[in-house]
Amino acid sequence: MKTEVLSQNDIEIIKRDVLEILEKKGMVVHHQQALKALKKAGARVDEERSEVRFPNELVLKALELAPKDILWAARDPKWDIHLPARGTIFAGSGTGAPNIVDPLNGEYRRSNSQDLVRMVRLVDDLEWIDRCTFFSIDDAPVQTIDVHALHLALTNTCKNILIQPYSKESVEYLLELSSAAAGGKDALKARPIVHIMSCATTPLEYKEMDIEVMTLAGRYGVPLVIPSLTTAGATVPVTIAGALLVSAAEIVGGLTITQILSPGTPVVAGPVAYSMDMSSGYSMQSSAEAVLRSAASCYFFKNAYSLPTQTLGFGSDSFIPDAQATMDSSLRCLLVALGGGDILSNAGFIETLQCHSPLSLIVDNDIAGIVKRLVKGVEVNDEILGLPTTLALPHGGDYIAAEHTLRHCREAVRPKLVRSFSRDVWTSQGSPDIMRRAREQYQNILDTHKGIPLPETNAREMESIVREADRTLVN
Amino acid sequence: MATYEELETSVIAGQKEKARELAGALLAGGKDPRDIISEGLMRGITIVGQRFKVGDMFIPEVLASAHALKGAMELLKPAIVGENVSDMYLGKIVVGTVQGDIHNIGKSIVSMILESGGFAIVDIGVDVPVDKFVKVVEQERPDILGVSAMLTTTMGKMKDVVEAIKSRGLRDKVRIMIGGAPVTQSFADSIGADGYAPDAMSALDKAKQLVGKN
C-alpha cells in the first residue's frame, strides 16, 4: 500500500532542478585524488576551490550505472535484506548517539560498551527489527571508538550492520573487521554483512573521510548509503520541496562521485530531514514538515530514479521514552512507509538522534510490526473472501468454528506490548503501562538471548584487528 | 520629517533600506548620530530582543532586524567624531568553532542573537586551531571569547583553548563562554570556562551578565 506524496509533474520538476544544481552550482569535494578522477571522467573541476560541476550526461550515466537491486546480507541468511523492499519495509536501529536513558532506573548518562552489547542483542532478538547499528561508547579510546563498537556489534548480532565511521583513519579497520567477520574479502564481497555510510556535509559538500569511504566501499564490495542530513531553514531551504531538492541534489551528486570512483557500487539514498524551530533554533526531526519531507524524499528517490532509500523511520525529539516519543515514532513510521521508504532507521533513538533508549527500541519494534502489516495492504482473492463459508453458514450462526477461520486465524500481526485482557487481570498485574511492559520484555530478552557465535578463527582475527587499530591510531 | 519612532519601527520590521534612509534623513536634519543610535536603533533592537525571547519573533526576522541595524550603523559611524564607535556596543565577542569541528550554524545563530542584543561580533569561523584563538584574543582584545563544539570528540579542544589562554597570561583579560550540543554546565565548570548557555537567548543574557551590563 502506497501513498502518492508527489505528482509525476512534481517529480519531473525536481529532477530537472537537481540536474541544474549539479551542473551550475556543483559541489565542494575535499579530496585531491578524487578531484583528479572526477576531472578525467568529464566533470568541470576548479581544483583551487575544490569545486566540481557535473554535466548532465555524467549524472545520468551514474544514475543508470548504480545497481537497482541490492543485497544487504546477514550472517544468518534468514535476515538478508533484498532491496528495494517490495510490499513491506525493513526496520533498523539508530546510529551515533553518545547518550542513553537507562531502561531500569531512567538515569540519563553516557553510553558504554555494555549498553551497546545490550542494544545489539535486543536488535538481534526483536522480531521486526531487520538491521543493526552501533553507537558511541565512552569506555573505548576516542580514536578507535567506532572500531571497538563495530567489533561488539559484529560479535553480538547475525543481522546486517550499518557502519558509521567516526574518522578517516578508522575506515579501513572497520572494513577489515567486517571482512574478518564474514570470513574473508571474497566472502564479504559475495555477501556483504555490513553497509557503510558516506555522509554529505550539507549543503553540497563532501569531506575527505566521506570520499575515502566511497573509494574503500568499492574496493571491499560493501554497499553504500549516502545520507544527507539537512535542516530546513538552516542548511537547506525552509520549504518542504526546496529542502527536498537540495538534499536530493546532494545525494545524487554523491552517487555520481561514487559511480566514478567505484563503478557499480550499490548506493542507497539516505535523505534525513530536520527542520529548524524558528523561535529556538533547535533542529527537530518530528515536526510535521520534517516528517512529511522524509516521506516525500523517499517517494521522490523511488519514483525519480528507482533508488532504494533509508531514512529516519522512528524516533522523536522527546528526551525520554514517553507518550510523545511513541506518538512521534508511530506517525513518522506509518507516513514514511506509505511514502515508499525501504529501510526505516532510527528505532530506539530519542532526543533528535542524541540519545538511545532501549525501551523506545522495544516499542518501536511493535510499531514496525504493525506498520509492516499496514503497508502490506489488503489481499483480495476467492480464498481470502471466503464466500462459500458465508453462504454455508446458517442465519444466526458464527464464524468461530469455521474452517476458513481456522486456516487464517494466525495471520494477524500480534504486537508484543499490546495485550487484550480484562481490567481486573491488568489491575492484578500491578496496572503496567506500555513502558513497564517494555521493561519486562527488555529483561526477558537479555536473560534468554543466545545469538549465533562467530567461528573462533574469525573472532580471533577480529580481535587482532582491533588491537592493531589501537596500536596504530591511539597515541 | 523622519522620526526616531519610524526608525525604531523600521528596525523591528527588518527593513534594511528604510532604516538606512531614515537614519540618513535624521542625520541630514541635524540630529546627533549618538541620539539616532540610542533613541532609534537601540530602542528598536531592544524590542526585537524582547519579542524573540517570548517567541513572538522568529530567528530569520531577528536576523533581518540585525541587518537593518547594522546598515544604519554603517551610515552613522563616519558622522561620529571624537568617540570610539566600539564604545557604543555592550562589548566585543570573538566566536569560533574548535579544530576538527566544522559545525557552523549553532555558532551563527548565537552570534546573530548576540549582535542583535548590542554586541560587536568577530566570527573567526570553524575548524579553528587553538593557537589562532589565542592570536585573535591578543589582536582583538575582546571582552568575551565564545568557543563552540558540536561533537563529543571535539569538545575536549575547548579545554585546550582555555589552557592556552591561561598560559599566555590572557586569562584575566577575557571571559570565556562555551556552547554546542554536547556541552553542559558541569563540563563548563570542569574546564574553567566563565559561562555556558543552553540556547541562543540565554547566551545573550549570559554575555550581558559577564560584561556587567544585564
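The chains referred to below are lettered A, B, ... by the order of the sequence lines, with proteins before strands, and numbering in each begins at 1. The model shown is predicted, which means the values in this text are computed figures rather than measured ones.
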Contact origin within A:Thr201 toward chain B - heavy atom pairs under 4.5 Å: side chain

Straight-line distance of A:Ser280 OG to B:Phe52 CZ, nearest 0.5 Å: 7.5 Å

Portion of A:Tyr282 that has a non-hydrogen atom of chain B nearer than 4.5 angstrom: side chain

Heavy-atom closest contact (B:Pro182 atom, A:Arg110 atom, distance): O-NH2, 3.9 Å

Flag if over 12 foreign heavy atoms under 6.0 Å of CZ, B:Arg168: no

Over 12 non-hydrogen atoms of neighbours within 6.0 angstrom of NZ in B:Lys18: no

For chain A, which residues of residues 98-105 of chain B have heavy atoms nearer than 4.5 angstrom: B:Ile102, B:Ile105

B:Lys70 atom NZ, over 12 foreign heavy atoms within 6.0 Å: no

B:Glu163, CD: over 12 other non-hydrogen atoms inside 6.0 angstrom: yes

A:Phe319 atom CZ, over 12 foreign heavy atoms within 6.0 Å: no

Toward chain B, the part of A:Asn99 with a non-hydrogen atom under 4.5 Å: neither

Heavy-atom closest contact (B:Gly55 atom, A:Ser279 atom, distance): CA-CB, 4.3 Å

